[in-house]
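Below is one structure, written out as structure tokens, with a few remarks after it.
Computation of the quantities below employed the complete heavy-atom set of this structure, encompassing side-chain atoms and omitting hydrogens, waters and symmetry-equivalent molecules. It should be emphasised that the depicted structure is a prediction, and the values quoted were computed from it without experimental measurement. First listed ligand is number 1; within each ligand, the first listed atom is number 1.
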Amino acid sequence: MSVDLSQGMLKDGALKGKVIAITGGGTGLGRSMGEYFLKLGANLAICGRREEKLQAAKEEMEASCGGEVLPFVCDVRDYVNVEAFLAAILANFGKVDVLLNNAAGNFISPSERLSPGAFDAVIDIVLKGSKNCTLAFGKHWIENKQTNKTVLSVVTTYAETGSSFVVPSAMAKAGVSAMTKSLAVEWAKYGIRFNAVAPGPFPTKGAWSRLLPGDMGKKLNAEKEVPIRRVGHHQELANLAAFLVSDFAQYMNGEIVIIDGGEWLQGAGQMNFLDVVSPEMWDWVGKATRGSKE
Ligand code: HXC
Ligand code: NAP
């Protein structure tokens, strides 16, 4: 490997002075991105539904990365809760510069086994939650004529392609992608940028326990689905996210940036299944296909 992928990429102080709100920032990828934002000089507000998780995250993140982390219990499905999260951020930091829509719910299931409530459980966290946060923060910025603000959302590659067995998540993430591209244009005049990241497999407890429970992870081997034969390092996503929310990315607006080692393309290319053909078999194929001229 040519670089140490656990290292940050941006220069010191790249996010100095920024206040960044991360939904679901106490665990998994939200936490990893938050830790890097802190190291780059930002202060954070993190929310989730579990107070102890958030409090522990605050203490650990401040100790290891510096900066200040404001933990706040907020269910993003509830607009009034989201307004309270925003109010707490403003009371503590006086402003907010970045919203990272990261909170999500998901699990694998055949769709015909899902109750209406199961669909809603996922769609409400992902789509309604991202809408609630974006609307509350956006209204605040617009009403107060604050510019140079940005919203980054975490979607998935299957927001574009669709996917079996995670249909509520695919529907909801597709909606978040549509929101990103729509508001990138509509709210550009207010000085608010919108982008999204679409990660491939990045191991987290939250995702792996719901998408590859038990020993499914070992049996199904996520690395095999990625052309470069590995899963993502959290720092790789953090590097991309830090760039996208930084002022260095002011010309990035309305992008859905995929970071998946080529995973979705491996599933998409019609002839990709030929990867299993051996060199000897390719020798034969060469002769056979040339011979097809006769
Ligand atoms: C079928 C299920 C279910 C399951 C819950 N339900 N889990 N149905 N299979 N595994 C049903 C319940 O029976 C109930 O139906 C309804 O869904 C609501 O369930 P609750 O447990 O009350 O919901 P809630 O407490 O709101 O929890 C939401 C959750 C949970 C989504 C179910 O898993 C959660 O809190 N997740 C948050 C974290 C998370 O999911 N992280 C992973 C993100 S990974 P009824 O009929 O009674 O209403 C990710 C990766 C994407 O997004 C791409 C990877 C490549
Ligand atoms: P995770 O650790 O389970 O993160 C989900 C977070 O969302 C948790 O902190 C959870 O906290 C919070 N959350 C859930 N429901 C909430 C609600 N109603 N209100 C507020 N917060 C809520 O999983 P992850 O893998 O890091 O996922 C982070 C993001 O990356 C998600 O958007 C996911 O779709 C996306 N993603 C992940 C992968 C991957 O391979 N890991 C791939 C593609 C996309 P509480 O439970 O305490 O509320």
Protein contact for atom 55 (C) of ligand 1 (heavy atom, distance under 4.0 Å): no
Contact bool for atom 33 (O) of ligand 1 (protein heavy atom, d < 4.0 Å): yes
Any Val231 heavy atom less than 4.0 Å to ligand 2: no
The one among Ile46, Asn101, Thr27, Asp124 that brings a heavy atom closest to atom 4 (O) of ligand 2: Thr27
Among Gly25, Gly200, Ala207, Gly129, closest by any non-hydrogen atom to atom 42 (C) of ligand 2: Gly200
Distance-only N or O hit between ligand 1 and Tyr158, under 3.5 Å: no
Sub-4.0 Å protein heavy atom near atom 18 (C) of ligand 1: yes
Sub-4.0 Å heavy-atom contact, Lys53 with ligand 2: no
Selected option - heavy-atom contact closest to atom 37 (C) of ligand 1, from Ala172, Ser163, Gly206, Ala104: Ala104
Atoms of ligand 1 close to Thr156 [distance to a heavy atom under 4.0 angstrom, numbered from 1]: 51 (C), 53 (C)
Heavy-atom protein neighbour under 4.0 angstrom from atom 46 (O) of ligand 1: yes
Short N or O distance, Arg210 and ligand 1, threshold 3.5 Å exclusive: yes
Contact check: Asn106 vs ligand 1, nitrogen or oxygen atoms, below 3.5 angstrom: yes
Test of proximity, Phe202 against ligand 2: N or O pairs below 3.5 Å: yes
